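Just so it is clear, the structure is predicted and the values come from calculations on it, not from any experiment. Sequence lines set the chain letters: A, B, ... in the order given, protein chains first and strands last, and positions in each chain run from 1.
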Amino acid sequence: MKIATFNINNVNKRLANLLAWLSSEHPDVVCLQELKAETRSFPLAAIEDAGYHAVWQGQRTWNGVAILSRKPPVLTRRALPGAKNDEQARYIEAAVSGIIIGCIYLPNGNPQPGPKFDYKLSWFDRLIKHARGMDKEGLPVVLAGDFNVVPDLSIDIYPTRSWDKDALTQPQPRARFALLQQEGWLDSLRAKHPGERLYTYWDYKRQRWERNGGLRLDHLLLNGPLHKRLKAAGVDRWVRGEEGASDHAPAWVELRGKWKS
DNA sequence: ATGTCCTGGATACCAGGA
């Protein structure tokens, strides 16, 4: 069972890229971020034609998240709990094949310091709290998405000082990511590729893709009940090199065990 | 500081977000 996360950076603008990747890699479940489409503008017909069911939460202009699945996902949430007036479409959750899939688009947080960075940190705190609650219930959970965090500055970003003041590299969000790991959420790409430079995002600016100036921002975290099932993990880098590509590439995990309905 | 890509609102570019 292959579960992937892909910041598509406008699902309608890059629909051809998405469909090409789906037909080539055949993920069973896909978490999408940055749909940049209103709920009614989600390209459901094309996604169904490609063999997927979907649940999604759209928003005009910004954000937007979706979960695609070869078997019908059972929607469990369309927002992250813990805030009364958070209108931003950054979280959707569904059960697929006995696994809870949390699809995450964590706030970018720039510029920092400032209110956007504060929002990033409070959103992250809400995520940690919700993750604890789900873990306590003993269900297998995958938290997959664009966390907008570079976990380890020595290996998850190309050698540079350019991002030193950026919200993606600050100690506060990195400490929160580390806390999730301490609480049993396995960083599956890192677990399968210790010591290896892995990137999932390359800025459009300054030929970052051509120079492999990447950052690892997209993560798939597994709670305890899934650790033993982790078979493989990787990044579909080729997607970033296609015409009209998103600035992110898909990241994925392969889990052992039957794909059950 | 720069660079890219895209949207939206006010135009016939520019601000803003990522």
Distance, [atom1] atom - from [M] to [N], rounded to whole angstrom:
| N | M | atom1 | answer |
| --- | --- | --- | --- |
| B:dC5 | B:dA1 | P | 23 Å |
| B:dG3 | B:dG9 | P | 26 Å |
| B:dA10 | B:dA15 | C1' | 11 Å |
| B:dA12 | B:dC6 | P | 23 Å |

What nucleotide among [options] has an atom nearest to a side-chain atom of [X]?
| X | options | answer |
| --- | --- | --- |
| A:K13 | B:dG17, B:dC6, B:dG3 | B:dC6 |
| A:N10 | B:dC6, B:dC5, B:dG8 | B:dC6 |
| A:R14 | B:dT4, B:dA18, B:dC6 | B:dC6 |
| A:R60 | B:dC6, B:dA18, B:dG8 | B:dG8 |

Closest non-hydrogen contact found for A:N108 with A:K120 is O-NZ, 2.8 Å
Expressed in angstrom and rounded to an integer, what is the separation of [X] atom [atom1] from [N] atom [atom2]?
| X | N | atom1 | atom2 | answer |
| --- | --- | --- | --- | --- |
| A:D166 | B:dA18 | CG | C1' | 10 Å |
| A:K120 | B:dA18 | NZ | P | 10 Å |
| A:Q59 | B:dC6 | CD | C1' | 16 Å |
| A:N7 | B:dG17 | CG | C1' | 13 Å |
| A:L35 | B:dC6 | CG | P | 16 Å |
| A:K205 | B:dC5 | NZ | P | 10 Å |
| A:K36 | B:dA18 | NZ | C1' | 6 Å |
| A:D203 | B:dC5 | CG | P | 10 Å |

Contact nearer the 5' end of DNA chain B, comparing A:E38 with A:Y204:
A:Y204
Between A:R208 and A:N148, just flag the one whose closest nucleotide in DNA chain B comes earlier from the 5' side.
A:R208
Answer yes or no: does atom CD of A:E196 have more than 12 heavy-atom neighbours from other residues, nucleotides or ligands under 6.0 Å?
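Counting neighbours around CD of A:E196, more than 12 heavy atoms of other residues, nucleotides or ligands fall under 6.0 Å, so yes.
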Sugar-phosphate, base or nothing in reach of A:Y201, heavy atoms under 4.0 Å:
nothing
Just to be sure I understand the rule, does A:E34 reach a base, reach only the sugar-phosphate, or reach nothing, if contact means heavy atoms closer than 4.0 Å?
sugar-phosphate
Quick one: do the [X] and [Y] side chains pair a donor with an acceptor below 3.5 Å?
| X | Y | answer |
| --- | --- | --- |
| A:Y158 | A:W163 | yes |
| A:D247 | A:W202 | no |
| A:D218 | A:Y199 | no |

For B:dT7 and A:T61 - does any side-chain N or O of the residue sit under 4.0 Å from the phosphate oxygens OP1/OP2?
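No.
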Flag this pair as yes if the NZ/CZ of A:R216 is under 6.0 angstrom from the six-membered ring centre of A:Y201 and inside a 45 degree cone about the axis; otherwise no.
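Geometry flag: not set, cation outside 6.0 Å or 45°.
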